[in-house]
Structure formats: C-alpha cells, structure tokens
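First up is the structure itself, then whatever we jot down about it.
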Amino acid sequence: MLSWLGAERVEADPPAPAPTDTSLLRSLDDWIRAERIATAEHRVRRCFDTGQLRLLGSGSEAVVFTDGREVYKCIDYWKTRMPEQQLDFLRRQIGRWKDAPGLYPLREVIEDGPWVVLTYAYEASVPYEGGHEAGMVALLEGCRDVGVVCNNIHPKNLVVAASGVKLIDYGSDIRPWTPLGFEHMVRRAYLACRYPDAPALPSLMRRVLTDLALPEMAGYAAFRARVRQGTTLGRARAVPQSHLKPAPSHPPFPLHVGVITSDPLVLEPLLDSLVSVAESPCLTGLSVVVLDNGSPTGALEPVVQRARCAGLPVAVVDVARQDQDAAAGGFGALVPARLSGQVGIAMARTMLQRYLGAVMAADPGSIALVLDDDMRLDGRAQAYLPWLPAFRAHGVDVLLGAYEGASPNPPLNGLRVQLVDLLHNLKWLQSLPDQRRLPDRSRENAELRGRYPDYYYDLSRKHTGHLETPHWLEPAFCGETVREARSRLLANATGLLNGDPLTRPLVAAPVLDPLGTARDSVNRGGITFVLNPAALTQTPNTITWLDGREARRSDMVWAIVNRQYRGLTIKAVGFPVHHVGRVGGVPTLNAHKVRGEIVGSTLYAGLTAFLQQRPEHDLRFSHEDMERVCDLADRQLNQRWRALDWSFRRIAGLRASLRRLASGDLAELIGYLDRWFTPHRHAELRAGIRVHDRDQVHGFLSSLRTSADDYAHHTPLSIDFINTQLSRNPALEKISIGH
C-alpha cells in the first residue's frame, strides 16, 4: 500500500503531515475496498465450490456474497480477529435455528487462517426501513427461544423478506442469551422500529442501555409487553429429571394456579412459563385464577387473552366481583368490604384463597399452587410436579417450595452485602487483563452459601461472617471476557436498589429424595402447593394492624394457624421457582415497606419462637402467653434494628469507596445512595420501628382462632363466572383477535 502511494522509506519520527489530497484519499479508499472484496471472494472460493458470486455488501466486520442459493459472509482481517470461544459458540449454533422467526439457520462456520466464512440460505429481500413491529417482535422471540441475543440490532443489520423481518448480522455480535442482553436487544429493536432514519440513532442506541427516560422511549412499555420474556432462567443449575428418584406412580391430576397482580407486565412472563408447564404428562389440565388487585385500566385483558390463545385457561376475578362478594359476606368479618384501588396483600390473599379454594373443592383430586406474580417456573417443574400426589398420600396438606433468584425481602435488607460484592468485584476485575476469560469462582460461592445460609440477608440472626465476605461474579456464558463481565456488572449495578441480585442470588439446593428431605416449616412465601382444600377454605390470611399499618408476613401466620389450630401438616421442600426483582420502576428506599417488614417479621418470629417451645399449643393464649410472645417479639425487633442500623452506616462507607473507585461508571447508583443514606432517612426509619404495642399484639393473638372460624363459616361463593371463563375456547378467541 505504501509503495502504491510512492513511499520510498518509513521515518521513525515523521515530519508534520502535508496538506491532504482528498482525491488521493478517495482513490485509496476505492483501492482498499476493491482489494478487500477480491480477497474475500478468493477466500469464499477456496472454501466452497460455487458459481458466479454477487456482492451483497460490506461492513466493518465482513464482506457478504451470494450465488442465488447461499449467502457467504467472509469475516476478514479488517476487524480484530474473532476470539476462538466466539467461533466455538457460533459453530454450536449450526442447525439450531431451524424454524426460529427472524433468523436464518447457520449452515457452516469455517475458519481459514485469520478469516472466517459462514453461510446461510439466501432469500430475496429489501432493506429494513423501520416499522414491521409484529415482525420485529417475532424476531426477538425467535432469538429468545434459541438462546441467543444480538448486541447490534440496527436497521442496517435487518432486511424484510417474504418470511418476515430477518436478522443478517451473524458474527461477533451474536452472544448467548442473558436477561440483561435480551433487555438491551429489545430496547435497540424498539428504536430501530420507530427511528430508523434518525441521524442520532447510534447515540440513542448507546444511551438507551442505561436510560429508559429518553423522550424517544415513550411507548416502550407497550412494545416490551408484546415481547414475551420467556424463561431460560435456571437452566444452568437445573436438576435433570433422572437425578430425582422416580416419583411413585399416581394418576394424573388437575392443577389450579392462583395469583394476585396489580401489574400485568409482571404477570405476563409467569403465564408464559405456565403454558409449557401445562404440557406435563402428570397433569390432566392446568388453569389459572387471577385476582386483579387494581391493575391499570385495560392493561390486564390483553395479557390474559394472549395466554388463552396460547392454550392456557385463565379466569380473572375483577375488582367489581370482589366488591360484590365482599358485600355479600363471602370473606367473613375480615373483609366486610373491599377497599377501593389496590388493597393490602393480606386482604388480597384472603380473597384469592376463597376463590381458589372453591375451585379446588369442586374438583376432587386437584392440587392448587399459589404463586406471586413475579415468580417464574422453568423446566424443572416437569421433574417435581409428579411428586405432589406422593406428598398427599403421606398426609401432607401444604407443601412450601423454594425461592431462586431475587430475595423476597425489601432490597434495603440485602443491599449491604451486594455493595460489598460490587466493590470487591470491581477491584478484582481491574486486576485482570480485559480479554482474559472471566475465571469461574462458582465453587467458592457455593462453599460460602453452605457456610452462611443467610448469605443474602443483612439482618441475619444466625451469623455475621457473610457481611464482609465477598461473593464473586460468575460467567454469564462460556467464554465471557473480563471486559464483558465488568460491563455487565456496571450496567446492572443500579438494579441492586430494586432487589435484582448480581452476585448473591438465591439458589435452591438440588433435591434428590423429595419425601426424605422435606422438613416441617411454616415459612411460607411466594410458592405454596396446597394438597388439601381445607387449608384455603378454612383459614384466611389474617390482616394484622400495628400502629395503624398493615404488618407483613400474613402468609406465615396463615401457615401457623393451619398447623397449630387446624392440625394440618405443612412441609417445606426444595422445589424451585425463580423470583425476579422488580427492576422496571424507579428505585425507591420504600421506608414504609421496610418498617412493615421488620415489625411484621419480628412479631412472626416471636410467635414462632414461643410455639417452638410449645409444639402442641392450639392458639388459645393466656395473658402470660401473650406477654411472653410480646417479650420475644420485642427482642427480635431490637436485634433487627441494630442490624439495620449497622448496615445503614456501613453502606455510607461503601458509597465513599465506590465513588473513589468508579464514580463515573456508577454515577446513577451513587446518586441514589447519596439521597437515601442521610441522617434524615435514618431518623425516618428509626421512628417507624418501635417496640410492639402490647394491646395490639394481644388483640392480634386473641383473634387468630375467631377470625379463622368466622372465615370458615362464610356465605358460600358462586364460582360459575370462573368456570365460564376457564371453559372458553382458545382457538375461537384467537380467530376473534385475528379478525
């Protein structure tokens, strides 16, 4: 090239540049392009016996040809050579994308020295110029289904063919599916649909990865709701069915799922996951009862319709129906009338249990599953569902499953340990070369989880060693580099404030012998298998008011009443369901929720400690009993406050360390920490966490049996409206929607 320019020698210290001849530069560009195309064509012909080739285009990564049947993409030396692990990943995709909307299945990936040539089928097409949102949604879901994301969704990397919108960028930007990678892909796709010709599109696509408040993203929530998230969560740790002891033989059974929602966008992925679970051979059918707890007007119906069209029977109990049944005495004295808008979780659970219990009681042999709307089932459910009749045959009435993923506690109660990890991981990653594969330290993390069961919880009463012992970022996929891992860590950092775990997700221990490993428990959470309908029809979620606020942990009190008063058998087993952090909204300290959690959980802890010493207690409390529960609850409250106080102060120090280490990359996170962790916020939290009012605790304890008896003798509810919805024909609904 230098000889072509007339150079005779190269100086070590070149003189100041002479004025540029633009015509010479254009000639140089033309020559380089021609040489690049000729070299790429030569490489393609070396690898394939092909006829006449037509140039389709060239970009920063590759030159692309077709012979009318096949597309040949030559990834050349004009870009940094593709890492070997990325080539291995692309080779593993050969033949895997068959029938995936928006993708051309890869046929061959051939390495030729520093070059790579890959092929896929040719199809006549035109350049993508925006719009085609249905096709874009199909493309995104196709990528999700085969487990890949494209890091560079852009109009120039898309075409429109007879088969729909197609991705044509197959190279270094095709990566394994991760939740963050998929979310970024969807955001870029939205911009490609709406602003394909915007001069600032490249800048927008960079900014939108961290800022959803851009004016151009107005309407994104509706677009995002059309894209099913799916659930590839838990695949890496999934226990193969063959590792479980075979479940004892039992006839298939119907499964009825109950869920409360006020946010249909959160509910939709759960319904998606239930569609695949419904195919389990151990089930005769699966239906869902959704209690609407004040969803935005018009938001729930399309989500439900979509699930029905996928073959999932869904019934909705709307607010008007709840009003009607409460006024008729259907929920007893606990819910004499439904409050307007969104009601407290205990009231909502009591109403859901009434409806779900009636559905279950009318369907002999059925089993119910009560889930929070931010739970997600995956393929492991196919392995453990067949065990449910075996538990019922062994006299178990209620079975409590296991959380994975995000903690169900308020984010503040686990923020300290997550920030400790963030600080240590950033220091660790800075000490490693950018292009090195991220070391896998998952074994160290597993050992720490075994040593410290409350490894994710700042307020643990069991141990404190977990608070300053870091957990390490694990590779999101095979071959992830240190640079990619650091980018992922920084991009997800603000999500910690909404409970999305980076380094300390909950992990359920593998279950090999479910019956043998199940244990007595009343620690109910977001996944409850009900094997006996009496647990739903005889016992409400008691609504506990302390200092004018509804205390949390009514679900655990429900379990206590069922065990101690109703005499039911309640077990816990490690059947995993994935819990997602609510990361879509603006982070908030939510002092009200933190106070309610601590006050409610300490009352529950005091009651549990009392009953552990009196396992035969039937919830008839003497005055001395009540005072003892109050003493135990106050002791728990003081312990929790001290732990929260220490964490609050430690987080202020971690904030300073993070500011010194990476203030620019963590500006958003640090900004929130600056606003949250102030003397005023500390005083606000402290003011709401006082010793329990003994008169209120006495009233709560005295009401447990009477509230349960009142609820059990309710005015019968009609569930005809539920049965009517569940019997709808999804195929006819799909035709109606199509018209």
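Keep in mind that the numbers below use all heavy atoms, side chains included, and drop hydrogens, waters and symmetry copies. Not measured: the values here are computed from a predicted model.
- Donor-acceptor pairing under 3.5 Å is recorded for the side chains of N409 and S407.
- For L209, the side-chain contact (heavy atoms from CB on, under 4.5 Å) partners at least two apart in sequence or on another chain are H184, R188.
- Looking only at distances, no side-chain donor or acceptor of Y128 sits under 3.5 Å from a matching main-chain atom of V165.
- Proximity of a side-chain donor or acceptor of R224 to a complementary backbone N or O of V186 within less than 3.5 Å is not detected.
- Side-chain atoms of Q322 come within 3.5 Å of backbone N or O of D292 as a donor-acceptor pair.
- When each of T261, D263, V316, V319 is tested with S295 by the rule side-chain contact (heavy atoms from CB on, under 4.5 Å), just one qualifies, namely T261.
- Minimum interatomic distance between L496 and P411 (heavy atoms only, all atoms of both residues): O-CB, 4.0 Å.
- Shown are V314, V288, L312; of these, the side-chain contact (heavy atoms from CB on, under 4.5 Å) with V304 is made only by V314.
- Summarising the geometry of L167 relative to Y104, their closest heavy-atom pair is O-CD1, 4.0 Å, with the distance given to 0.1 Å.
- Under 3.5 Å, the side chains of R194 and Y190 contain a donor-acceptor pair of N or O atoms.
- The line from CG of N498 to CG of L415 is 11.0 Å long, rounded to the nearest 0.5 Å.
- Counting only distance, with no hydrogens or angles, the side chain of N425 and the backbone of L473 share a donor-acceptor pair below 3.5 Å.
- Taking OH of Y672 as the reference point, atom OG1 of T588 lies at 9.0 Å (rounded to 0.5 Å).
- Counting only distance, with no hydrogens or angles, the side chain of Y456 and the backbone of Q418 share no donor-acceptor pair below 3.5 Å.
- Two residues are said to be in side-chain contact when any heavy atoms from C-beta on lie closer than 4.5 Å; S366 and V359 fail this criterion.
- When each of T503, V417, L669 is tested with L422 by the rule side-chain contact (heavy atoms from CB on, under 4.5 Å), just one qualifies, namely L669.
- Between the side chain of W558 and the backbone N or O of A535 there is at least one donor-acceptor pair closer than 3.5 Å.
- Using a distance-only test at 3.5 Å, with no hydrogens or angles considered, no donor-acceptor pair links the side chain of D372 to the main chain of D374.
- Residues N445 and E474 have side chains that bring a donor and an acceptor to within less than 3.5 angstrom of each other.
- The two residues N413 and Y457 come nearest to each other via the heavy atoms O-CD1, 3.6 Å.
- A donor-acceptor contact closer than 3.5 angstrom is absent between the side chains of R349 and N293.
- Screening R380, H579, H578 for a side chain to side chain donor-acceptor pair (under 3.5 Å) involving E404 leaves a single residue, R380.
- In this structure, L255 and A368 approach most closely via the heavy-atom pair CD1-C, 4.3 Å.
- Ring centroids of F529 and W387 are separated by 6.0 Å or more, keeping the two rings apart.
- Residues G102 and Y170 come closest through the heavy atom pair O-OH, 4.2 Å.
- Closest heavy-atom contact between A493 and L666: CB-CD2, 3.6 Å.
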Legend entry - Residues R175, D173; criterion salt bridge (Lys or Arg N to Asp or Glu O under 4.0 Å); working and verdict: CA-CA 6 Å; R175 309 311 301 265; D173 288 317; over 6 Å; no

Inset, instruction - Would you please test E183 and R187 for salt bridge (Lys or Arg N to Asp or Glu O under 4.0 Å) and show each step? - result: CA-CA 6 Å; E183 174 61 26; R187 294 182 187 184; 2.8 Å; yes

Inset, instruction - Would you sort out whether K166 and L158 count as a side-chain contact (heavy atoms from CB on, under 4.5 Å), showing the intermediate values? - result: CA-CA 6 Å; K166 294 285 189 176; L158 301 165; over 6 Å; no

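- Side chain of S280 to backbone of V277: no donor-acceptor contact under 3.5 angstrom is found.
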